[in-house]
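Data block below; observations after.
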Amino acid sequence: MLLTILGGCGAWPAAGQACSGYLVEHDGFRLLVDLGYATVPRLLERVGADQIDAVFISHGHPDHCADLSPLLRARTMRDDPPAPLPVYSLPGALDAVLALDRPGLLADAYVLHELTAGGRFDIGPFRAQTRLLPHSVPNAGVRLTAGGRVLAYTGDSGPSPDRVELARGADLLLAEATYVDRVPEDSRRYLASARQAGRQALEADARHLLLTHLQPGTDTRAALAAAGAGYDGEIGIATSGLVFDLS
């Protein structure tokens, strides 16, 4: 299983960067997990829009799904459009982004599969398991298994035992860490810190930890140090262009 980071900024894209977007590949199948602001240009530097096999969106905030619109446009507004793209999301999560174009323009570009958090289903060669994690809107963390490897991704989420269970024994935990240490009081139920992500990775016995969704301007060295205070495994920052081989 191969993970390519298209972007890992939280809230908005920093200069030269992109928001949450991850390309996961196995046995020639290409799955996109989230498509936030500015991720499609980085995707198209690597593969064509018609070479994507499926999309999974954790939740409906635009820094996680806004670039679904240009991806679908790139697939359908051409002389030889590919087959409709399977898109997986929670019910209603994509209503706003799919309503950006005039009715019918993208109708043949995708097939929407609305999922129930807590379920198990297949996306190509990936076995997907989701958990509803606490955020200001419904958010589905996902655990992807293929080829004997496991990638766990939190989406955006406040503290929850389900974050740990999602990542239990994972080869890689891709964890939202908007803040370094202290999460503002009004966000403590909905977002996490690098320090919390490190503790979660330790409790889950995850082999590797990648911090993502850092607020632009965050001191990455401080984030790594905070996560490392509670976890002694390999820790990295999800930045555009990073490739991680889970083998």
(message) Would you say the ring centers of F121 and Y88 fall short of 6.0 Å from each other?
(response) yes
(message) Looking at every heavy atom in both G8 and T212, which two are closest together, and how far apart are they?
(response) CA-OG1, 3.5 Å
(message) Could you report the tightest heavy-atom contact between A223 and L214, atom names first, then the distance?
(response) CB-CD2, 3.9 Å
(message) I'd like to know whether L151 forms a side-chain contact (heavy atoms from CB on, under 4.5 Å) with V142, so could you lay out the CA-CA distance, the side-chain angles of the two residues, the decisive distance to 0.1 Å, and finally the verdict.
(response) CA-CA 8 Å; L151 165 64; V142 66; over 6 Å; no
(message) Quick check on D79: does its CG atom have over 12 non-hydrogen neighbours (other residues, nucleotides or ligands) under 6.0 Å away?
(response) no
(request) Inspect the contact between E45 and R42 and indicate whether a charged nitrogen and a carboxylate oxygen are less than 4.0 angstrom apart. (result) no
(message) Please check this pair: side chain of S160 against backbone of D162, looking for a donor-acceptor N/O pair closer than 3.5 Å.
(response) yes
(request) Using the rule that two of Ile, Leu, Val, Met, Phe, Trp, Tyr join whenever any of their side-chain heavy atoms come within less than 4.5 Å, decide whether V87 and L71 are in one cluster. (result) yes
(request) Keeping the roles fixed (side chain from R149, backbone from L246), state whether a donor-acceptor pair exists under 3.5 Å. (result) yes
(request) Give a yes or no on whether I5 and I52 share a hydrophobic cluster (residues Ile, Leu, Val, Met, Phe, Trp, Tyr; joining criterion: side-chain heavy atoms under 4.5 Å apart). (result) no
(request) Tell me, please, which residues at least two apart from E234 pass side chain to side chain donor-acceptor pair (under 3.5 Å). (result) H208
(message) Taking the side chain as everything from C-beta on, heavy atoms only, tell me whether L209 gets closer than 4.5 Å to Q200.
(response) no
(request) Answer yes or no: is there a side-chain heavy-atom contact under 4.5 Å between T145 and F126? (result) no
(message) If I compare all heavy atoms of G148 with all of D171, which pair ends up nearest, and what's the gap?
(response) O-OD2, 4.1 Å
(message) Give me each pair satisfying side-chain hydrogen bond (donor to acceptor under 3.5 Å, both in side chains) with a member in residues 27-40, each pair once, sequence neighbours excluded.
(response) E25-R30, D34-S58, D34-H64, D34-Y153
(request) Looking only at non-hydrogen atoms, find the nearest pair between P13 and C19 and report the distance. (result) N-SG, 3.5 Å
(message) Between E203 and R163, does any NZ, NE, NH1 or NH2 come within less than 4.0 Å of an OD or OE carboxylate oxygen?
(response) no
(request) State yes or no: do V150 and I235 share one hydrophobic cluster built from I, L, V, M, F, W and Y residues joined by side-chain heavy-atom distances below 4.5 Å, directly or via other members? (result) no
(message) Would the distance check show the side chain of D219 and the main-chain N or O of R221 forming a donor-acceptor pair, the cut-off being under 3.5 Å?
(response) yes
(message) Once rounded to the nearest 0.5 Å, what's the spacing between atom CG of L98 and atom CG of L68?
(response) 5.5 Å
(request) For residues T130 and F56, determine if any side-chain heavy atom of one lies less than 4.5 Å from a side-chain heavy atom of the other. (result) yes
(request) Go through the steps to decide whether H61 and H135 satisfy the test side-chain contact (heavy atoms from CB on, under 4.5 Å), and finish with yes or no. (result) CA-CA 10 Å; H61 281 156; H135 193 45; 3.2 Å; yes
(request) Answer yes when D50 and R75 have at least one side-chain N-carboxylate O distance shorter than 4.0 Å, and no when they do not. (result) no
(message) If I compare all heavy atoms of Y231 with all of G198, which pair ends up nearest, and what's the gap?
(response) CB-O, 3.3 Å
(message) Any side-chain to backbone donor/acceptor pair from D156 onto G10? Under 3.5 Å, distance only.
(response) no
(request) Enter the distance from L6:CG to L44:CG here, rounded to the nearest 0.5 Å. (result) 9.5 Å
(message) Nearest 0.5 Å, please: how far is OH in Y22 from CG in L31?
(response) 13.0 Å
(message) Is it true that H213 and D63 share a donor-acceptor pair across their side chains at a distance under 3.5 Å?
(response) yes
(message) A quick test of your reading: do over 12 heavy atoms of other residues, nucleotides or ligands sit less than 6.0 Å from CG of D245?
(response) yes
(message) Please determine whether residues F244 and I237 belong to a single hydrophobic cluster, defined as Ile, Leu, Val, Met, Phe, Trp and Tyr linked transitively by side-chain heavy-atom distances below 4.5 Å.
(response) no
(request) State the NE2-CG distance between H59 and L94, to the nearest 0.5 angstrom. (result) 11.0 Å
(request) Check S89 against L112 and note the closest heavy-atom contact, atom names and distance. (result) OG-CD1, 3.8 Å
(message) Is a donor from one side chain sitting under 3.5 angstrom from an acceptor on the other, for Q215 and T178?
(response) no
(request) Kindly indicate whether the side chain of S69, heavy atoms from C-beta on, has any atom under 4.5 Å from the side chain of V97. (result) yes
(request) Output all residues satisfying side chain to side chain donor-acceptor pair (under 3.5 Å) with D67, sequence neighbours left out; order by chain, then residue number. (result) none
Without placing hydrogens or testing angles, list every side-chain donor-acceptor pair under 3.5 Å for residues 100-110, not counting sequence neighbours.
{"residue": "D101", "atom": "OD1", "partner": "R73", "partner atom": "NE", "Å": "3.1"}
{"residue": "D101", "atom": "OD1", "partner": "R73", "partner atom": "NH2", "Å": "2.5"}
{"residue": "D101", "atom": "OD2", "partner": "R73", "partner atom": "NE", "Å": "3.2"}

(message) Would you say CZ of R168 has more than 12 non-hydrogen atoms from neighbouring residues, nucleotides or ligands within 6.0 angstrom?
(response) yes
(request) Give me the other members of the hydrophobic cluster that V243 sits in, counting Ile, Leu, Val, Met, Phe, Trp and Tyr linked by side-chain heavy atoms under 4.5 Å, directly or via other members. (result) L2
(request) Check whether any side-chain heavy atom of V24 lies under 4.5 Å from a side-chain heavy atom of L32, and answer yes or no. (result) no
(request) Could you state whether L210 and L202 fall into the same hydrophobic cluster, counting links through intermediate Ile, Leu, Val, Met, Phe, Trp or Tyr residues with side-chain heavy atoms under 4.5 angstrom apart? (result) no
(message) Please determine whether side-chain contact (heavy atoms from CB on, under 4.5 Å) holds for the pair V137 and Y190, giving the CA-CA distance in whole Å, both sets of side-chain angles, and the decisive distance to 0.1 Å.
(response) CA-CA 9 Å; V137 299; Y190 309 124; over 6 Å; no
(message) Donor-acceptor pair, distance only, cut-off 3.5 Å: does the side chain of T154 make one with the backbone of E176?
(response) yes
(message) Looking at T116 and G119, would you say the former's side chain and the latter's main chain have a donor-acceptor pair under 3.5 Å?
(response) no
(message) Do H26 and P125 have side chains that approach each other closer than 4.5 Å (heavy atoms only, starting at C-beta)?
(response) yes
(message) Tell me every residue that passes side chain to side chain contact (heavy atoms under 4.5 Å, CB included) with R182, counting only those two or more places apart in sequence or in another chain.
(response) R188
(request) First locate atom CD1 of I57, then atom CG of N139, and finally report the distance between them rounded to the nearest 0.5 Å. (result) 11.5 Å
(message) What verdict does the side-chain contact (heavy atoms from CB on, under 4.5 Å) test give for M77 and L72, after you've listed the backbone C-alpha separation in whole Å, the side-chain angles of each residue and the deciding distance to 0.1 Å?
(response) CA-CA 8 Å; M77 299 175 73; L72 295 179; over 6 Å; no
(request) For R195 and A227, indicate whether the former's side chain and the latter's backbone hold a donor-acceptor pair under 3.5 Å. (result) no
